[in-house]
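In the text below, chain A, chain B and the rest are named by the order of the sequence lines, each starting its count at 1. Values reported hereafter were calculated over all heavy atoms of this structure, with side chains retained and with hydrogens, waters and symmetry mates removed. Because the structure is a prediction, the values reported are computed rather than measured.
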There are 2 protein chains.
Amino acid sequence: MDIQTLRDRHPDHWKRACAIRTLTLDAVAAANSGHSGMPMGMADVATVLFDKHLRFDPKAPRWADRDRFILSAGHGSMLIYSLLYLTGYADVTLEQIKNFRQWGAITAGHPEFGHVAGVETTTGPLGQGIANAVGFAIAEENLRARWGAKIVDHHTYVIAGDGCLMEGVSQEAIGLAGKQKLNRLIVLWDDNGITIDGKVSIADVTDQKARFAASGWNVLACDGHDPEDIDRAITAAKKSDKPTMIACKTHIALGHAAQDTSKGHGALTDAGQMAAAKAAYGWDYAPFEIPADVKAGWEAMGKRGAAARAEWEARLAALSPAKRAEFARIFAGTAPAKLASVIRGVKKAAVEAAPKLATRASSEKVLAAVNPVMPETIGGSADLTGSNNTKTADLGVFTPEDRKGRYVYYGIREHGMAAAMNGMALHGGVRPYGGTFMCFTDYARPSMRLSALMGIPVVYVMTHDSIGLGEDGPTHQPVEHLAMSRATPNTLVIRPADLVETAEAWEVALTETKRPTVLALSRQNLPAVRKTHTNTNMVAKGAYVLAEAVAKRQVILIATGSEIEIALKARDALEAEGIGTRVVSMPCMELFAAQDEAYRRKVLPPGPVRVAIEAGVRQGWDRWLLGQGGREAKAGFVGMSSFGASAPMERLYKEFGITAENAVAVAKSML
Amino acid sequence: MDIQTLRDRHPDHWKRACAIRTLTLDAVAAANSGHSGMPMGMADVATVLFDKHLRFDPKAPRWADRDRFILSAGHGSMLIYSLLYLTGYADVTLEQIKNFRQWGAITAGHPEFGHVAGVETTTGPLGQGIANAVGFAIAEENLRARWGAKIVDHHTYVIAGDGCLMEGVSQEAIGLAGKQKLNRLIVLWDDNGITIDGKVSIADVTDQKARFAASGWNVLACDGHDPEDIDRAITAAKKSDKPTMIACKTHIALGHAAQDTSKGHGALTDAGQMAAAKAAYGWDYAPFEIPADVKAGWEAMGKRGAAARAEWEARLAALSPAKRAEFARIFAGTAPAKLASVIRGVKKAAVEAAPKLATRASSEKVLAAVNPVMPETIGGSADLTGSNNTKTADLGVFTPEDRKGRYVYYGIREHGMAAAMNGMALHGGVRPYGGTFMCFTDYARPSMRLSALMGIPVVYVMTHDSIGLGEDGPTHQPVEHLAMSRATPNTLVIRPADLVETAEAWEVALTETKRPTVLALSRQNLPAVRKTHTNTNMVAKGAYVLAEAVAKRQVILIATGSEIEIALKARDALEAEGIGTRVVSMPCMELFAAQDEAYRRKVLPPGPVRVAIEAGVRQGWDRWLLGQGGREAKAGFVGMSSFGASAPMERLYKEFGITAENAVAVAKSML
């Protein structure tokens with residue numbers, strides 16, 4: 001259909017859609033930066049979705065049972081800002097639209113979770129939104145099964161572009177969603193045939209419809225500018241027993257001189273071309289001006305949602321007070337009161353039994369105690385369940401047949417798992433944790449960074465956290481991965497040494513609400529090192545004195561996780577020579593950095609030689625060895641400076657010099 | 001077919017295949033570690049491949065025109081070690097097989113490139129091999145087009161498992177190969193229906209055949225234990241004008257009690273079960289014993305390859321001496337003699353013109369000079385060609401219609417691009433470089449790590465290397481990525497400051513043979529800072545004195561890339577106050593670390609206050625600020641400690657305090 005036909009046939013729809021198009025043109029022009037073409041191309045689809053299908057209430061943007069709308073093609077951020085402004089989200093004012101991409105504005109270049117109510121997830125890195133959406137849909141299914149459809153009953157809609165579908169993570173998402181028959185998940189593919197470098201066909205000939213169908217999806221198509229056809233497709237999608245992909249055939253930068261070209265992807269700021277496009281739309285208003293009748297039409301959509309929400313509030317109110325409180329608690333993401341006593345119980349038992357355990361096995365013990373009192377946890381692993389020790393007996397398995405199951409077999413999909421966990425955490429009501437080998441942090445990185453950027457409490461259970469992995473060799477042995485995660489802002493990296501510290505680590509992770517946690521856990525067995533019980537969570541302090549010097553303190557050994565055992569042995573040897581040696585356990589640098597200076601100086605007083613022992617690279621340690629101002633101490637490091645190797649782990653520690661003998665030698669060389 | 005039928009119908013084949021199976025069982029049992037089931041399941045396919053199709057010569061494992069065999073499912077490493085031992089590769093002795101997974105053995109847990117001739121690429125992290133293979137096939141096509149089929153004419157065969165196909169990177173690889181019609185690429189999918197956590201169906205219902213077909217592949221199937229059927233399928237695959245995927249229906253751990261189960265994936269070491277499996281095979285020999293006639297059958301396969309190689313050597317010898325020398329040069333990976341003078345020319349012109357340029361634009365200028373004298377370069381970008389400045393006018397575009405083209409439109413596939421570049425570098429004869437935004441290092445990480453682990457000279461052109469990216473915001477602004485790459489062993493990270501340094505950086509990258517290089521390049525324009533010409537490559541020293549103190553030296557400012565400009569301004573301000581200030585440019589920490597101590601102390605003498613300025617996190621800097629022994633200097637840092645934000649870049653630098661004023665204040669606070 002040409003533009004004139006579209007205008008004539010559906011004049012009200014057309015004006016509403018053009019409100020998106022012109023706000024986009026105006027905001028991008030004001031910023032002299034941004035992406036005009038995608039919102040202009042998908043305006044019709046988004047208008048129909050909001051008008052006819054999406055259940056939302058701009059006055060209650062965090063309403064738990066709203067439909068979720070995810071703009072996976074996040075560069076088209078003016079689409080979502082337009083939608084939120086037009087429908088009446090209070091925070092997205094016209095002033096914010098005018099300040100698109102400026103310092104301090106909530107209308108960032110890409111949609112940022114936490115900036116704008118109505119932005120469900122941070123998108124921009126392509127493929128993330130569609131993969132998050134799988135987690136949103138899993139959370140919805142699980143909560144619906146547990147709470148009933150009167151309380152939880154909504155859809156997840158995604159707008160995805162060719163970039164999203166070319167990124168590999170999309171295949172992981174598609175595969176998982178297809179297997180899980182997530183039929184509340186509806187992906188609207190912006191099938192415009194254009195990427196930055198040219199036509200999609202210069203890099204891809206994939207028949208996307210056949211590809212989705214191959215993974216168990218319902219596949220539909222529509223003319224992405226024809227409101228009736230769009231409505232027909234979405235209506236049909238909602239009836240499927242499978243997730244649905246709707247191929248929406250669109251023109252990028254519709255009506256602009258750059259329509260259907262790569263140039264249309266970017267910032268369309270030429271004044272003459274903008275005027276011509278607006279003329280073609282029949283849009284005769286000032287920049288940023290939305291006629292009152294058009295705005296009213298948009299606001300009416302949100303008001304319909306308000307009615308649905310009121311009905312839902314009534315149903316919620318009919319629950320028992322205890323149930324209502326529980327519902328509020330899980331959506332607030334706060335841990336249950338019981339958690340503290342459960343953790344204390346594990347710690348006390350651990351001190352008594354003093355088991356020699358891999359921390360991954362310790363982690364399983366903690367989860368076995370925690371999962372029964374935290375019904376909101378949803379565990380999983382990227383096909384390493386037995387190795388990651390992530391599955392406890394009570395969880396059940398999440399499948400199309402058992403939606404109450406709380407364990408997800410993610411398949412060999414570390415990236416998809418991480419992205420899905422982000423989606424679950426963002427959905428709310430569930431608390432996801434998932435495992436893989438620490439080395440495969442690499443595969444999950446793009447989503448792990450977004451956990452940190454969004455500030456959501458996903459827990460990454462990263463086992464086999466060093467050369468202690470042994471025979472599988474350097475492809476599977478993390479060396480730089482602790483440093484990588486520690487370099488990432490707003491991320492807790494915790495490497496516990498025994499069952500007590502592992503219990504404390506989980507307590508930190510499960511009470512955290514604003515940050516992801518990376519748990520680095522050993523493959524190999526480790527001795528119990530916390531010999532006396534304390535109610536205090538010592539891991540929460542980041543670092544603490546595990547063993548004090550007996551002779552005059554000349555050395556402080558600082559270690560984490562599996563190297564605590566080595567530090568304690570080195571201390572014994574040094575003390576035997578009359579060299580007083582303190583051992584500091586430092587399971588979490590970020591938490592230690594957050595302590596006040598007095599505590600930090602108590603743990604790491606200036607003066608004694610400091611030696612850190614960790615089976616990873618030195619990068620990140622100098623802060624604690626030397627003090628950031630310098631001159632605090634003489635310091636040495638015992639760890640890795642190369643990739644690992646394939647051999648039994650005892651041999652590797654010896655060959656790479658991560659031994660008590662070497663720690664002693666390094667310490668003595670500096671006295 | 002049951003085992004008895006297989007034994008009866010093809011007795012010679014059966015014995016050869018069982019040589020793989022029993023070597024695998026014996027080696028895994030000796031190591032008490034490893035993966036038995038995959039080699040046992042794919043033994044028939046591999047035997048037919050080596051017997052009837054693969055062109056190889058064990059006496060010349062690096063023969064340039066050999067077929068490439070890639071074991072993407074790298075955990076099945078005993079499959080490839082068995083094949084290499086049986087066919088007579090000199091380095092893979094029976095002793096090495098017996099020392100599988102032991103310290104010092106070349107038979108690592110996963111196949112490691114560089115350990116074993118015949119291992120074309122390091123695999124283990126799933127999906128990498130199949131994605132490398134796309135690069136191998138691109139290199140072959142390009143070289144065949146340039147050198148003619150008499151000199152380059154071979155296939156790339158891949159064995160991939162369900163894990164490889166579930167990893168997202170496989171989709172990127174499949175999409176790229178399908179578009180490029182890489183019909184010399186043949187993927188043998190080990191369709192055994194089993195993963196570590198259980199049946200594939202617990203996590204995936206994808207119809208893999210339909211999925212590959214959707215991306216433009218030829219798809220075939222065979223009974224993976226029937227040698228005739230396997231041969232038929234491979235023969236048909238070689239005739240296709242598309243890449244081919246052959247679904248080989250197999251039984252994991254064939255003939256063992258653990259056949260067709262998850263347990264079969266791992267180490268099958270039970271003596272009784274091993275004996276029973278061998279009995280079922282009709283294999284009545286001692287552990288590690290291969291009957292002479294079976295070994296002779298295997299060795300005959302390699303001998304056939306030797307004849308083909310002799311013919312090829314004759315064809316190569318018929319080339320002109322200059323052409324032969326050029327062929328040898330590109331496969332040795334050495335830069336042409338001309339490169340040095342070309343780089344010098346760029347540097348001289350740059351000093352004269354002193355252009356204000358983004359280093360990404362400088363990089364394009366260098367490439368425009370270099371690409372014409374280095375016909376082995378193959379450039380590309382993950383759909384950011386215009387932003388990464390990676391395409392020069394002379395390259396042409398690699399397509400099914402123009403195989404001589406030297407620019408690859410990789411699509412929105414950072415991971416697939418990195419993996420394909422690894423494959424190209426490993427194939428030899430070409431030197432790949434490819435671009436994306438520095439922030440999307442995250443997406444490419446698994447393959448970037450493997451570039452480093454394998455020690456291959458891939459060049460990553462990472463533009464938009466800081467908050468200088470501006471309005472696109474924190475999802476696109478690297479903060480921790482310099483630290484991440486620097487934490488990775490065996491990786492050069494170079495962040496040049498102007499055109500001269502960029503030319504030097506490229507010279508380092510293009511003469512390097514054993515390490516990947518990450519070039520961190522600015523989006524924003526930067527002034528020329530190298531004012532006088534020197535033939536010496538200063539970047540190759542890692543760091544050097546860019547501007548000496550005039551007044552008595554009290555401060556050393558150390559910076560990289562876009563922050564050199566800020567350091568120079570801060571120096572002016574400090575000098576104006578009589579505080580003598582040296583500016584050290586440190587484009588590459590790894591190269592500086594490799595200098596002798598005398599040079600390092602000359603550049604960074606103890607005493608003066610040191611302040612580093614870099615628009616990234618501090619992690620990694622303390623080594624240079626404080627010295628690894630500590631106490632060298634008082635030190636400060638001006639950089640990032642959080643994620644960035646969306647705003648024009650000038651504003652971001654100011655708001656995050658990365659300014660000359662702040663550098664001056666930090667320096668003075670320590671004097």
Query - Sidechain-backbone polar pair: A:Gln171 side chain, B:Met166 backbone, donor-acceptor under 3.5 Å - result: no

**Report entry** Part of A:Leu384 lying under 4.5 Å from any heavy atom of chain B
**Finding:** both

Query - Option in A:Gln102, A:His481, A:Arg413, A:Lys391 with maximal non-hydrogen atom pairs under 4.5 Å from chain B - result: A:Arg413

Report task. Indicate yes or no for a side-chain donor-acceptor contact from A:Asp383 to the backbone of B:Ile196 under 3.5 Å, with no hydrogens or angles considered. Result -> yes

Query raised in the report: Does the pair A:Arg486/B:Glu480 count as a salt bridge with the N-to-O cut at 4.0 Å?
Result: no

Query raised in the report: If you count heavy-atom pairs under 4.5 Å with chain A, which of B:Pro648, B:Gly198, B:Gly216, B:Ser387 comes out on top?
Result: B:Pro648

Query raised in the report: Which bit of A:Val617 is near chain B, if near means a heavy-atom gap under 4.5 Å: side chain, backbone, both or neither?
Result: side chain

**Report entry** Note, A:Gln128 side chain near B:Thr475 side chain (heavy atom, < 4.5 Å)
**Finding:** no

Query raised in the report: Is it true that a side-chain atom of A:Thr206 and a backbone atom of B:Ser215 form a donor plus acceptor pair closer than 3.5 Å?
Result: no

Report summary line: The interface call for A:Thr123 against chain B, heavy-atom contacts under 4.5 Å, is backbone

Query raised in the report: Can any side-chain N or O of B:Asp622 pair as donor or acceptor with the backbone N or O of A:Asp622 at less than 3.5 Å?
Result: no

Query - B:Ser646 side chain to A:Ala108 backbone, donor-acceptor under 3.5 Å - result: no

Query raised in the report: Are the side chain of B:Tyr443 and the backbone of A:Leu126 linked by a donor-acceptor contact shorter than 3.5 Å?
Result: yes

Query raised in the report: Where on A:Thr122 is there a heavy atom nearer than 4.5 Å to chain B: the side chain, the backbone, both, or neither?
Result: side chain

Query - Under 4.5 Å from any heavy atom of chain B - which part of A:His115 - result: neither

**Report entry** Which portion of A:Thr195 sits near chain B, non-hydrogen atoms under 4.5 angstrom
**Finding:** both

